[in-house]
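Both counts, for ligands and for their atoms, begin at 1 and track the order of listing.
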Amino acid sequence: MVNLKPAHLLFQYLNLMQFDIHKALMHTKLKHLSSSIKGRWLDIGAGDQPYKQYFANASEYLTTNTKRHYSTAGFELLEKQTTYWIEDGKTLPVSDNSLDGVACFQVLSVIDEPADFFHEISRVLRPGGKLILTSDFLYPVWSSEDRFRHTAFNLKQLAEANGFTVTASESFGGFGSTTYALFMRFMRSFPEIWRCKKIIAKIVSALMYLLLLMLLPILSLLGLAIFVLEKNSITNTDFTFNILLTAEKK
Ligand SMILES: C[S@@+](CC[C@H](N)C(=O)[O-])C[C@H]1O[C@@H](n2cnc3c(N)ncnc32)[C@H](O)[C@@H]1O
């Protein structure tokens, strides 16, 4: 049955029209890293495995997910795809020194004890094992459990304090990429409209939002242009919506 509810139609439109700069930059970065992804890897908080293709050379691709973050709809497929169900990232059901690599994309900000998390990742990696991690930086809260924003310096500190040598810490593009990512996030949540108390302010915000919706195809083209210009910008870690950390266990 076709779902014609306004909210559903709006999200369909946003999905169709938006250029997803976060995914595009993730793919660019992982393309560069994929040749180093070999052996037995664990993807912590893999979700529905949007980056599985980059683990094609790994002998094993293991994943974790947390049950409480998924509704029953579409759960069957995720159940088949997930190797380990964990409710707390601080205890991984994997033995010491048994992995060649750990990937962890967009999970760290919800982990309540980041130092314990890094310690646990270090425990399961063999010496020389690799860590590839991304974490939101200049980006709005996205879950009721979202707790932290880590600077590049803090990510480095957490890694080094837990037996890693940091090999890279990269921004996701520059100012343009961050501005566009925040704009798209606003379009998906449009909080202003709901927060306005006065009816006139609500109407003006709704009209502004409608105008932006109409301009979305053009703004998405702008997002694509920003991506092309900034996809190799990696040094802007003070002004980025996301940070990539790569490290090796000593
Ligand atoms: C935003 S999703 C990221 C999914 C995927 N890695 C991606 O980049 O698209 C966050 C993931 O973190 C996992 N997660 C949430 N809280 C967690 C916790 N306390 N410990 C471990 N994993 C957690 C969830 O299962 C979910 O898959």
Open item on the list: Heavy-atom pairs closer than 4.0 Å: do any link ligand 1 to the side chain of Ala46, the backbone, both, or neither?
Closed with: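 Only the backbone of Ala46 comes within reach of ligand 1.
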Open item on the list: Once you restrict to heavy atoms under 4.0 Å, what part of Thr64 touches ligand 1? Side chain, backbone, both or neither.
Closed with: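 For Thr64, there is no contact with ligand 1 at all, from either part.
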Note: [X]-[Y] ion pair, threshold 4.0 Å (strictly below):
{"X": "Asp112", "Y": "Lys90", "answer": "yes"}
{"X": "Glu113", "Y": "Arg147", "answer": "no"}
{"X": "Asp100", "Y": "Arg126", "answer": "yes"}

Within the 4.0 Å heavy-atom shell around [X], which atoms of ligand 1 are there?
{"X": "Trp142", "answer": "1 (C)"}
{"X": "Asp88", "answer": "20 (N)"}
{"X": "Val110", "answer": "15 (C), 16 (N), 17 (C)"}

Please state which protein non-hydrogen atom is closest to [atom] and give its distance, to 0.1 Å?
{"atom": "atom 4 (C) of ligand 1", "value": "Gly45 O, 3.3 Å"}
{"atom": "atom 3 (C) of ligand 1", "value": "Phe105 O, 3.6 Å"}
{"atom": "atom 12 (O) of ligand 1", "value": "Val107 CG2, 3.5 Å"}
{"atom": "atom 22 (N) of ligand 1", "value": "Thr66 CG2, 3.5 Å"}
{"atom": "atom 2 (S) of ligand 1", "value": "Gln106 O, 4.1 Å"}
{"atom": "atom 26 (C) of ligand 1", "value": "Tyr70 OH, 3.4 Å"}
{"atom": "atom 20 (N) of ligand 1", "value": "Gly89 N, 2.8 Å"}
{"atom": "atom 9 (O) of ligand 1", "value": "Pro50 CG, 3.4 Å"}

Open item on the list: Taking ring-ring contact (aromatic ring centres under 6.0 Å, His included) as the criterion, tell me which of Phe19, Tyr180, Phe172 meets it with Phe227.
Closed with: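 Only one option passes, and that is Phe19.
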Task: Neighbour count above 12 (heavy atom, 6.0 Å) for Lys38 NZ - done: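 Count not over threshold, so no.
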Open item on the list: Given Arg68, His69, Lys67, identify the one with the heavy atom nearest to atom 15 (C) of ligand 1.
Closed with: His69
- [ ] Examine ligand 1 and decide if any of its atoms is less than 4.0 Å from a heavy atom belonging to Tyr51.
- [x]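 The answer is yes, since Tyr51 has a heavy atom less than 4.0 Å from ligand 1.
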Between [X] and [Y], do the side chains contain an N or O donor and an N or O acceptor separated by less than 3.5 Å?
{"X": "Glu120", "Y": "Thr91", "value": "no"}
{"X": "Gln81", "Y": "Asn65", "value": "no"}
{"X": "Ser109", "Y": "Ser135", "value": "no"}

Open item on the list: Classify the ring geometry of Phe55 against Tyr61: parallel below 30°, tilted from 30° to 60°, perpendicular beyond 60°.
Closed with: tilted
TODO: Test side chain to side chain contact (heavy atoms under 4.5 Å, CB included) on Tyr139 and Leu182 and set out the steps.
DONE: CA-CA 7 Å; Tyr139 200 72; Leu182 289 176; 4.2 Å; yes
